[in-house]
Amino acid sequence: MKTQRKIIQIDEEKCDGCGQCVPTCAEGAIEIIDGKAKLVEEIYCDGLGACLGECSRGALKIIEREADEFDSTAVEEHMKSKKIASAQEAPTMVCGCPSSQIVSFASLQPNRKANRTDSNIMASALSHWPVQIRLVPPTAPFLKDADLLVVADCTPVAYPRLHDDFMKGKVVLIGCPKFDERDMYVHRFAQIFQEADIRSITVLVMEVPCCQGLPEIIREGMNMVGGKIPLEKVVIGRTGEILKREFLEG
């Protein structure tokens, strides 16, 4: 059934076929066909635009037009068939980038410190890869039922005890609200909150003004899908101290 709604539009003249948009579409609506990104079926595109920030050539945009209604049931079947097909093929990476491979290595945590030659070195608390907000698919298995730690990318440099004080038992997403596209972040968080049953969110930001938009981006993504998730904001000073902790309404 056709309806007036938001949907992806792909400019094939601008598209160079890099494929970066493919893994960021959680519904599998985009594929590379004959060297160009293509919309597979209108019913697979939810119109949220999580793929927009991955295109460096500006070939993707969200428009409003008459299109088939989004069908979540059809998407589920589509993604099942894609998983079966990919399991039968040799693993590949988009543009050879290792960030396109989802890895969970939480089970390795107890052995990390034991494997180090210097027992005084702190063990990493990182449990998964990738960690960049723009690279983590909303359907990544490690997001399911997770306690989320969202980190503005300057904070790990300023705060030396990040792993011990904040990362243990949490799934980490890192990004910059100043240099990355705000709308892409909002849509990415909306999809994460829609796909994964996130239990809690802790967001670490620096005291500088450009960081302060990150909690609002998260809240906006939450509001897009009607979610209510406990959200704590932690402000880190430029000299490495915790300046403020507060709980925000979702």
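In this chain, numbering begins with 1 at the start of the sequence shown.
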Decide side-chain hydrogen bond (donor to acceptor under 3.5 Å, both in side chains) for Asp180 and Gln132; before the verdict, give the C-alpha distance in whole Å, the side-chain angles of both, and the deciding distance to 0.1 Å. CA-CA 11 Å; Asp180 285 337; Gln132 285 286 337; over 6 Å; no
Modelled atom types, side-chain donor and acceptor of Asp165 and Tyr159, under 3.5 Å: yes
Heavy-atom nearest pair, Pro177 first then Cys210, reads CG-O, 3.4 Å
More than 12 foreign heavy atoms under 6.0 Å from NZ of Lys61: is that the case here? no
Which atom pair, heavy atoms only, marks the closest approach of Cys51 to Thr24? CA-OG1, 3.5 Å
Please assess Glu42 against Arg65 for the test salt bridge (charged side-chain N to carboxylate O under 4.0 Å, His left out), listing each intermediate value before the final yes or no. CA-CA 11 Å; Glu42 293 178 345; Arg65 66 171 174 84; 2.9 Å; yes
The reported gap from CZ in Arg57 to SG in Cys18 (rounded to nearest 0.5 angstrom) is 9.0 Å
For the student: nearest non-hydrogen atoms of Val136 and Pro130, plus distance: CG2-O, 3.4 Å
CD/Glu13: more than 12 non-hydrogen atoms of other groups inside 6.0 Å: no
For Leu60 and Ile8, run side chain to side chain contact (heavy atoms under 4.5 Å, CB included): C-alpha distance rounded to whole Å, both residues' side-chain angles, the deciding distance at 0.1 Å, then the answer. CA-CA 7 Å; Leu60 307 179; Ile8 193 71; 4.0 Å; yes
Polar side-chain atom of His163 near backbone of Ala125 as donor-acceptor pair, under 3.5 Å: yes
Indicate yes or no: does Arg5 engage Glu64 in a salt bridge with an N to O separation below 4.0 Å. no
If the threshold is 4.0 Å, N to carboxylate O, is there a salt bridge linking Arg182 and Glu216? no
For the OH atom of Tyr44 and the CE atom of Met79, what is their distance to the nearest 0.5 Å? 10.5 Å
Quick one: are Phe193 and Ile198 in side-chain contact, heavy atoms under 4.5 Å? yes
Return the OG1 to NZ distance between Thr139 and Lys144, rounded to the nearest 0.5 Å. 11.0 Å
Tightest non-hydrogen contact, residues Ala152 and Leu214, listed as N-CD2, 3.9 Å
So, Glu246 and Lys244, do they make that salt bridge, N to O below 4.0 Å? yes
How far apart are the C-alpha atoms of Asp153 and Thr155, what are their side-chain angles, what is the distance that settles it, and do they pass the side chain to side chain contact (heavy atoms under 4.5 Å, CB included) test? CA-CA 6 Å; Asp153 60 7; Thr155 55; over 6 Å; no
Short side-chain to backbone donor-acceptor contact, Gln212 and Val208, under 3.5 Å: yes
Is the closest basic N to carboxylate O distance between Arg134 and Glu181 below 4.0 Å? no
Spell out, yes or no, whether Ile33 and Val22 are grouped together once hydrophobic residues are joined by side-chain heavy atoms under 4.5 Å, including indirect joins. no
Glu41 and Leu39, any side-chain heavy atoms less than 4.5 Å apart: no
If you define the side chain from C-beta out and look only at heavy atoms, does anything of Ile192 sit under 4.5 Å from Leu143? yes
Give the C-alpha distance, both sets of side-chain angles, the deciding distance and a yes or no for side chain to side chain contact (heavy atoms under 4.5 Å, CB included) between Met1 and Asp68. CA-CA 5 Å; Met1 178 180 176; Asp68 292 329; over 6 Å; no
For Ile7 and Cys45, which heavy atoms make the closest approach, and how far apart are they? CG1-SG, 3.7 Å
Would you check if Lys36 and Asp34 make a side-chain contact, meaning some heavy-atom pair closer than 4.5 Å? no
Find the distance between CG (Leu204) and CZ (Phe166) and round it off to the nearest 0.5 Å. 4.5 Å
Would you say Val157 and Met206 are hydrophobically clustered, going by side-chain heavy atoms of ILVMFWY under 4.5 Å? no
Side-chain heavy-atom pair Ile174, Pro156 within 4.5 angstrom cut-off: yes
Ile236 side chain reached by Val205 side chain, heavy atoms, under 4.5 Å: no
Donor-acceptor contact present, side-chain Glu69 to main-chain Ile43, <3.5 Å: no
Give a yes or no on whether Leu243 and Val150 share a hydrophobic cluster (residues Ile, Leu, Val, Met, Phe, Trp, Tyr; joining criterion: side-chain heavy atoms under 4.5 Å apart). yes
Donor-acceptor pair, His128 side chain versus Val172 backbone, under 3.5 Å? yes
Decide, yes or no, whether a salt bridge links Asp147 with Arg199 under the criterion of side-chain N to carboxylate O below 4.0 Å. yes
Is any side-chain heavy atom of Arg245 closer than 4.5 Å to a side-chain heavy atom of Lys233? no
To the nearest 0.5 Å, tell me how far Glu27 CD sits from Asp46 CG. 4.0 Å
So Val234 and Val203, do their side chains get closer than 4.5 Å, heavy atoms only? no
Side chain to side chain contact (heavy atoms under 4.5 Å, CB included) evaluation trace for Asp164 with Arg161: CA-CA 6 Å; Asp164 271 2; Arg161 292 182 54 83; 3.8 Å; yes
Hey, what do you get for CG (Leu48) to CD1 (Ile62), rounding to the nearest 0.5 Å? 8.0 Å
Output yes when Lys38 and Glu12 qualify as a salt bridge under the 4.0 Å nitrogen-oxygen rule, no when they do not. yes
Heavy-atom closest pair, residues Leu135 and Arg188: N-NH1, 4.0 Å
